[in-house]
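Structure, as structure tokens:
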Number of protein chains: 2
Amino acid sequence: MSVQMKQQVLRNELIKFFYYDNRLTLAELSRRSHKSLPLVTSTVNGLIEDGYIQDNGLAASTGGRRASSFQLNADKQRYIVAVAVDQMVTQVVIYDLMNNVKVGLQKKELVLHDNPALTETFIEFLKYYISGSGIPLNQILGIGIGMPGFVSAIKGVNHTFFKLGGNVTLKDHLSKELGLPVFIDNDSSLIALAELKFGAGKDLKDVLVVNIGWGIGLGMIVNGGLFRGHSGYAGEFSHIPLSQSNKMCSCGKRGCLEVDTSLVFMIERAKAEMDAGASSSMEQVYKTTRELPADVFLNAAKSGDPLAVSVLSDAAFLVGKGISTLIHIMNPMLIVLSGRGAVAGKILMAPIQQAINEFCIPWLAEQTDIQVSTVATNAELLGAATLVIENCDFN
Amino acid sequence: MSVQMKQQVLRNELIKFFYYDNRLTLAELSRRSHKSLPLVTSTVNGLIEDGYIQDNGLAASTGGRRASSFQLNADKQRYIVAVAVDQMVTQVVIYDLMNNVKVGLQKKELVLHDNPALTETFIEFLKYYISGSGIPLNQILGIGIGMPGFVSAIKGVNHTFFKLGGNVTLKDHLSKELGLPVFIDNDSSLIALAELKFGAGKDLKDVLVVNIGWGIGLGMIVNGGLFRGHSGYAGEFSHIPLSQSNKMCSCGKRGCLEVDTSLVFMIERAKAEMDAGASSSMEQVYKTTRELPADVFLNAAKSGDPLAVSVLSDAAFLVGKGISTLIHIMNPMLIVLSGRGAVAGKILMAPIQQAINEFCIPWLAEQTDIQVSTVATNAELLGAATLVIENCDFN
DNA sequence: TAAAACTTTATAATTTTTTTAAAAAGATTT
DNA sequence: AAATCTTTTTAAAAAAATTATAAAGTTTTA
């Protein structure tokens, strides 16, 4: 690697440290980058000259001479487009480098299944949003997109949705159409990334993040980094053979964890129980519209509706059985329950803990902490922004 | 880290490269160590002066000027004591740095369960073997020991066997008693290490090694290195909840994979079937001794005995179901069937493949190769030697 | 309360290491 | 068979890491 490239790599690395932790000293940067103080000092001086970083006065004392601290310079306007795609709705927001919302969140209904115009509509939506923001393209570092499906971030392809004819990858296609660097990844991986950098898993080495959404996803942090497996598809948690039920899964197999734990299944079951005469606070919405939106279901559970709680608990017990498997295999420090289903976190915890008591070697279960995410509501967007930060060039 | 320490680290690293690959050129060493050629050149010259390495003439041409190649110097006598402990028998051998057997393999019956004199007997056995070898202690780099149980290599403790009173760790206790550096690890981890360095997984990044022995173990290679989990106990494959059977497992839970797949269970089942009148080539041994040694059972299966094959196949199908779970979660490049049970590898493959067809997303299963180990018979001893090489100091 | 002792950061000088360039040796092509 | 291309080896220059020293605070202690 040439000298200039190495120096650019160090610049990128230092900016990332500031992105994750606002104020840092030279000594801290040197420790984290494993580079010498003189080198870090001169690189930081270069970043100050280029306007990326500014001096922030003396840091708090740690028992000796107080260190100068530095932080990102808001005047250097650089932005990130973060996109979170789910089965029904696509959300987009623009952040600055301090993770402040620069351009407000916009949602668009965009159904992934059986939608031939999907990719085209998606591109139009983003084009319109970005141009409407008024931010010049050269101030945008890139677009990070989280989406469901079998996604390989490295190859830049999705084998399930947004399929393209021909040889071009989805990543390259979007990048060409939108005129900006594009980075795509699996939704669960991005949620895990957000938990690693900003959530419960901050600075931890081995963390598993369960994404409770339309399906059950898994993002894996191994040795302090996202683990993707040899061809990019690790964490296919929802299709492990675990359920006793004989229902056919969307993947074509029977016994997948997913068939009894997805939000789709839970809502179907709640509907069926109401049809069979069960009373619930969800009745009104369901009876009048014949629909039961996920939010209504989750909020009902959250506020203690017995039907919703019962349906959710049954599913959570099975998720807990899956988590027991994960604990045995991975011996993680922490498992985080995240994704949109995590708003019902407190209700999920009891049956999951019960399953762990039943299926885990107690001594092993003790080594793993289980927590509900505190950043779940915008974890995927945060993760999408992080994906850009991790992969873009600061110039 | 001081300059001298860094130089010693590089020396150790280079010697390790020679241990794994006999002949290497300076350019190759530079690539692997990520150090510059001048530095590698001068370090190798130092190692030649100290007698560790010798020039080995010109390497084969790769299209330009032929490079000098180097190799370990056999005259620098350095040896490794490798120990493989299983539930019944303990084996020990002394290797040189070329993995040649310097002092022949010795076996001792040593039952781990309910054996109060275990640790003492174990130490006596090793003391006698080492002193009987006539090799001066200062030529022995260390003792590597693989053993069953919940072993933390980092902490140097075993929570299942060789328990000690007081605060001293097993590793430290053995080291003090034997007067040599001692390194301990889980048997399955060492088998995985051997497969990574000398077997089917050589130079691969994500490999899972299933250890088919008295129980079912798992050693995990992640990102090119042994993965141990956050507290050292990753890979507890045999106790994941997978079996439909209601039998109680030794761990106190029901439904563990182990209850239907361990060699112990298989032999019990073969005995029961013979008692019930099934005919088999194993009858003679069983009828006369009322015992059925593992070797007899495995050899019967290998030579096509229908009863043994049937028992083995049923267990292998369940192992295959567990492997399906592993494929979904880890997306490994390769899964190796190793351990003493791997001698019946060909018979295992069919039911395992069948289970994968039934329980894996086909598209995902295609990304993982399944192989039977070619170094299984002495994988654990090789792994124990490797453990020493990885952790000792060459001085 | 003030000086001494201790910590930590910042800068300078030195040593180590890497990079770059050039030379040497061997293979391949014309 | 000479010329061109590759690769290794050596040498010189540049970059980075150590080490040492100075500077700036904190804490301890008399």
Side-chain angles (χ1 to χ4, degrees), chain A residues 1-18 21-50 52-71 394-395, chain B residues 1-18 21-50 52-71 394-395:
Chain A
M1 208 194 298
S2 77
V3 171
Q4 293 93 310
M5 278 172 71
K6 279 177 81 169
Q7 285 169 344
Q8 183 62 46
V9 166
L10 182 56
R11 283 169 59 104
N12 287 350
E13 195 178 5
L14 296 185
I15 292 176
K16 284 180 207 171
F17 290 141
F18 283 107
D21 295 278
N22 292 7
R23 274 176 261 284
L24 293 164
T25 66
L26 294 173
E28 183 60 29
L29 289 168
S30 167
R31 266 191 297 277
R32 294 198 191 186
S33 62
H34 304 286
K35 295 287 165 185
S36 70
L37 251 162
L39 178 59
V40 167
T41 305
S42 76
T43 307
V44 165
N45 287 337
L47 287 171
I48 290 173
E49 268 181 36
D50 292 355
Y52 265 110
I53 284 178
Q54 61 187 22
D55 194 307
N56 190 48
L58 295 179
S61 167
T62 54
R65 172 172 171 178
R66 290 169 68 190
S68 312
S69 75
F70 300 87
Q71 64 178 17
F394 298 90
N395 43 36
Chain B
M1 206 193 300
S2 78
V3 171
Q4 293 93 310
M5 277 171 73
K6 280 177 79 168
Q7 286 170 344
Q8 182 63 46
V9 166
L10 181 57
R11 283 169 60 104
N12 286 350
E13 195 179 3
L14 296 185
I15 293 175
K16 284 180 208 171
F17 290 141
F18 283 108
D21 295 277
N22 291 7
R23 274 176 262 284
L24 293 165
T25 66
L26 294 173
E28 184 60 29
L29 289 168
S30 168
R31 265 191 297 277
R32 296 198 189 186
S33 62
H34 304 286
K35 294 288 166 187
S36 68
L37 254 162
L39 178 59
V40 167
T41 305
S42 76
T43 307
V44 165
N45 287 336
L47 287 170
I48 290 173
E49 268 181 36
D50 292 355
Y52 264 111
I53 284 178
Q54 61 187 21
D55 193 308
N56 190 49
L58 294 178
S61 167
T62 55
R65 172 173 172 179
R66 291 169 67 191
S68 312
S69 75
F70 301 87
Q71 64 178 17
F394 299 90
N395 42 37

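Keep in mind that the numbers below use all heavy atoms, side chains included, and drop hydrogens, waters and symmetry copies.
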For a quick test of reading the model, state the closest non-hydrogen atom pair linking S33(A) to E13(A) and the distance between them.
CA-OE2, 3.9 Å
Spacing of L10(A) atom CG relative to dA16(D) atom P, expressed in whole Å
9 Å
Counting any heavy atom closer than 4.0 Å, what does L37(A) reach on the DNA or RNA strands: base, sugar-phosphate only, or nothing?
nothing
Rounded to whole Å, please give me the gap between CG in N45(A) and P in dA10(C).
11 Å
Using the side-chain heavy atoms of P38(B), tell me which of these nucleotides is nearest: dT26(D), dA10(C), dT19(C).
dT19(C)
Ignoring hydrogens and angles, state whether a donor on the side chain of E49(B) or N45(B) is under 3.5 Å from an acceptor on the partner side chain.
no
Grab the CZ-C1' distance between R66(B) and dT28(C) for me, whole Å please.
15 Å
I need the CD-C1' distance between E28(B) and dT9(D), as an integer number of Å.
17 Å
Quickly work out the R65(B) CZ to dA22(C) P distance and round it to whole Å.
18 Å
Going through the checks in order, is the salt bridge (Lys or Arg N to Asp or Glu O under 4.0 Å) test met by E28(B) and R31(B)?
CA-CA 5 Å; E28(B) 184 60 29; R31(B) 265 191 297 277; 2.8 Å; yes
Determine: side-chain N/O of K35(B) to OP1/OP2 of dT17(C), distance under 4.0 Å, yes or no.
no
Under a 3.5 Å distance rule, please check whether S68(B) uses its side chain to pair with a backbone N or O of L58(B) as donor and acceptor.
no
Starting at the 5' end of DNA chain C and moving along, which residue's nearest nucleotide shows up first, L39(B) or L26(A)?
L26(A)
Would you say a side-chain N or O of Q7(B) is under 4.0 Å from OP1 or OP2 of dT16(C)?
no
Rounded to whole Å, the CZ-C1' distance (R31(A) to dA17(D)) equals 17 Å
Report yes if some heavy atom in the side chain of R32(A) is under 4.5 Å from a heavy atom in the side chain of D21(A); otherwise report no.
yes
Atom pair distance, as rounded to whole Å: CG in L24(B) and P in dT8(D):
13 Å
Are K6(A) and dA16(D) close enough that a side-chain N or O sits under 4.0 Å from OP1 or OP2?
no
So, is S68(A) near the phosphate of dA10(C), with a side-chain N or O under 4.0 Å from OP1 or OP2?
yes
Which of dT8(D), dA16(D), dG25(D) is nearest the side chain of L58(A)? It is dG25(D)
